[in-house]
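To start, the structure itself, in structure tokens.
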Amino acid sequence: MSAAVVHDVDMVFDGTDYLFVPADLSIKSGDIVRFHNRSGGPHNVAFWEDSIPEGAALVLQDAMPDQMAPLAGEMVVTPDETYEISFAGAPAGVYKYYCLPHLQLGMVAMLTVES
Ligand SMILES: [Cu+2]
């Protein structure tokens with residue numbers, strides 16, 4: 001079995017928009033996604049329960065540290081602080097997620113777990 005690949009996603013305020021960069025990422029089941037608070041925080045990572053594959057909620061509930069609500073990660077407040085999610089055992093498919101503080105400002109993104 002190969003080692004988990006770590007993918008970086010930046011959480012950014014670019015002066016106009018709040019963004020996850022990249023906003024569309026493909027990973028393999030077993031990979032790790034490391035979200036970085038680059039600017040404009042606090043940010044967090046929260047998944048829509050109806051916009052993830054069947055069975056993914058149970059995996060994410062175990063994989064997401066310090067959830068403040070189901071499928072919603074803690075606030076990442078400190079500049080350069082990171083929040084990591086392992087997708088070990090995660091079912092293939094599209095996962096749509098958002099940043100709770102900036103949802104109304106369009107801070108949404110998706111990732112695809114390839115089988
Ligand atoms: Cu945000």
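As the structure lists them, so they are numbered: ligands from 1, and atoms in each ligand from 1. The model shown is predicted, which means the values in this text are computed figures rather than measured ones.
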message: Can a donor-acceptor pair be found, under 3.5 Å and without considering hydrogens, that links the side chain of Asp14 to the backbone of Thr16?
response: yes
query: Got a sec, which residues hit salt bridge (charged side-chain N to carboxylate O under 4.0 Å, His left out) with Asp10, two or more places apart in sequence or on another chain?
result: Arg38
Short side-chain to backbone donor-acceptor contact, Thr112 and Ser26, under 3.5 Å: no
message: I'd like to verify the contacts: list protein N, O or S atoms under a distance of 2.8 Å from the Cu ion (ligand 1).
response: His43 ND1, Cys99 SG, His102 ND1, Met107 SD
query: So, do Phe20 and Tyr98 have ring centers that fall under 6.0 Å from each other?
result: no
task: Mind checking salt bridge (charged side-chain N to carboxylate O under 4.0 Å, His left out) for Lys28 and listing every partner two or more places apart, or none if nothing turns up?
output: Glu114
Show which side-chain atoms of residues 56-85 pair as donor or acceptor with protein atoms under 3.5 Å away, not counting sequence neighbours.
residue	atom	partner	partner atom	Å
Gln67	OE1	Leu71	N	2.9
Gln67	NE2	Gln61	O	2.8
Gln67	NE2	Met64	O	3.0
Thr78	OG1	Glu81	OE1	3.3
Glu81	OE1	Val77	N	3.2
Glu81	OE1	Thr78	N	2.9
Tyr83	OH	Pro65	O	2.7
Glu84	OE2	Arg34	NE	2.9

